[in-house]
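Working notes for the structure below.
Numbering of residues begins at 1 and proceeds along the displayed sequence.
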Amino acid sequence: MAAAADGQYDAVIAAATYLPRETLFQLGGVRIGAGTGNMGSVSWGGGSGHGGRAPLMNTPGINSRATAQMAMKALLRVRPDLPVDELHALVAAGNFDTGRQLRDFPTEKLEGKRLAVIGYGNIGREFAKLGRAFGMNVVIHARERHREWIEAEGFDYAPTIITAARGADALSVHIGLGAFDETLHRYANAALIDDDVLHVLNPRAVLINYDRGELVDVPALARALSSGRVAYAAIDADLFKDSTTGALSGPMLPYLALVKEFGSRVELLPHAAADTDHPSRVAGAKQAIDQIFAVIQDKCVHNLKGDLPKGYRNGGPRVPTGIGSVTDEGLADIASKGSAARELARDAATVSEFWIELAAAGAVEDRKTFARKRGRDMVIAANQLMRLLRELGLDAPYDR
């Protein structure tokens, strides 16, 4: 407060630092990361970014893959459920015969299991892709406007959370807290994962909440763990300890009792899943600096949170390649580079021409002959095209 209460600084870039609401940064602020609840300056009206004279921004996507990978690691701790430590001990002691004993250790794999992902933001989408890579049947609940793109990517769309959760072997929530209701003094999505949601999961399901601790109704989770409906829960949420009194606080607090009751069936992390390696942190810092410069110099706001203040223009999203949506700006940038656009056009034309000509061939033997001559080139072009689409971040929803 001594440094920032009277507007001594024009702008701010922060990571996990808490900014009191009374602080002033009249040209704007950037949160390195997605959540802005800790960015409480009156300059932009508080952590939601509603009101105020300055813009509030974040840097989404910087830690999306890291968080999704950690969520997948949580699932992989218990599924597939092969008791690796036990088998290692038996083998290391020379006390195992594969022919006779392996049948005593049947394993439940991830392939073919139903994975419910709640939310289609950057992290939810990355986690869904990881689930698909493991052969899981992925169903995503998000707002209706996302349905077209969810289905275009090959996932199933669920109009409600209950629909997504029904029969799921694992559920991972990536939806955020939503708006804060000043009247009710709670976030819109608080306790979203409740008895109704947990009850429709498959028995022995896995629950992952690497989003915000408040999203899960903790008493409901305790009941689901007790009944066996949930076999394992992994939670990543803030926990704070007063340096003077030792008193604990934060959204992790109500989960602590679950460990006492259910032991190793509950795994708790101190909001560490989004922590990234040094190169990712540097990339996030660079992006934040670019954004604050654009605001100060050009009045252009990227990754706006909340309201756009008067006198500024919205520059749209800015995320790492492959994260988030395809944009007009991104397509124009690819075209300006030349070589990538030409490669896309070449490979797309090879694939298209092959199928047009093959479909036009009359007799079965003619089609076989044509496929024998041109099929290899088409498959190579198709694989190159898919690689280019991934590298350029074009295998994604379109930002309208």
Counting C-beta onward and ignoring hydrogens, is there a side-chain heavy-atom pair between [X] and [Y] closer than 4.5 Å?
X	Y	answer
D290	R318	yes
L115	D169	no
L198	I193	yes
L331	L394	yes
D97	R100	yes
Y18	M39	no
Y157	V139	no
Q384	E343	no

Distance, nearest 0.5 Å, that separates [atom1] of [X] from [atom2] of [Y]:
X	Y	atom1	atom2	result
Y210	T67	OH	OG1	10.5 Å
I32	N63	CD1	CG	10.5 Å
L87	L102	CG	CG	7.5 Å
L248	L253	CG	CG	6.0 Å
K299	R313	NZ	CZ	11.5 Å
R387	D395	CZ	CG	13.0 Å

List the atom of [X], the atom of [Y], and the distance in Å for their closest heavy-atom pair.
X	Y	result
D211	H271	O-CE1, 3.3 Å
A142	I150	CB-CD1, 4.0 Å
I334	A341	O-CB, 4.2 Å

### Query
Does the pair I162 and H141 meet the rule for a side chain to side chain contact (heavy atoms under 4.5 Å, CB included), with working shown?
CA-CA 9 Å; I162 296 295; H141 165 67; over 6 Å; no
### Query
Under the criterion side-chain hydrogen bond (donor to acceptor under 3.5 Å, both in side chains), which of H146, R143, E153 is the partner of Y120?
E153
### Summary
Hits for side-chain contact (heavy atoms from CB on, under 4.5 Å) against L130, two or more places apart or cross-chain, chain-then-number order -> A68, Q69, M72
Output yes when a side-chain donor or acceptor of [X] lies under 3.5 Å from a complementary backbone atom of [Y], and no otherwise.
X	Y	answer
N383	V379	yes
N202	R166	no
D307	G51	yes
T245	D242	no

### Query
Checking ring-ring contact (aromatic ring centres under 6.0 Å, His included) for the pair F370/F354: CA distance, chi angles, key distance, verdict?
CA-CA 9 Å; F370 179 78; F354 174 87; 5.4 Å; yes
Is atom [atom1] of [X] surrounded by more than 12 heavy atoms (other residues, nucleotides or ligands) closer than 6.0 Å?
X	atom1	answer
F293	CZ	no
E329	CD	no
R132	CZ	yes
E111	CD	no
H50	NE2	yes

### Query
Would L76 and F134 satisfy side chain to side chain contact (heavy atoms under 4.5 Å, CB included), going step by step from the backbone distance to the final call?
CA-CA 10 Å; L76 291 173; F134 278 88; 3.9 Å; yes
### Query
Can you find a side-chain donor-acceptor pair between T183 and H185 that sits under 3.5 Å?
no
### Query
Between N303 and Q291, does any side-chain donor sit less than 3.5 Å from a side-chain acceptor?
yes
### Message
Over 60° means perpendicular and under 30° means parallel, so tell me whether F25 and W44 are parallel, tilted or perpendicular.
### Response
parallel
### Query
Do you reckon V138 sits in the same ILVMFWY cluster as W149, going by side-chain contacts under 4.5 Å, direct or chained?
yes
#### Entry: Trace of the side chain to side chain contact (heavy atoms under 4.5 Å, CB included) decision for D238 with M252
CA-CA 6 Å; D238 289 317; M252 177 59 81; over 6 Å; no
### Task
Decide, yes or no, whether a salt bridge links D377 with R374 under the criterion of side-chain N to carboxylate O below 4.0 Å.
no
### Task
Determine, stepwise, if the pair L75 / L110 fulfils side chain to side chain contact (heavy atoms under 4.5 Å, CB included).
CA-CA 9 Å; L75 179 57; L110 287 179; 4.0 Å; yes
### Task
Kindly indicate, with the supporting measurements, whether the criterion salt bridge (charged side-chain N to carboxylate O under 4.0 Å, His left out) is fulfilled by R204 and E108.
CA-CA 11 Å; R204 299 184 65 251; E108 195 171 345; 3.2 Å; yes
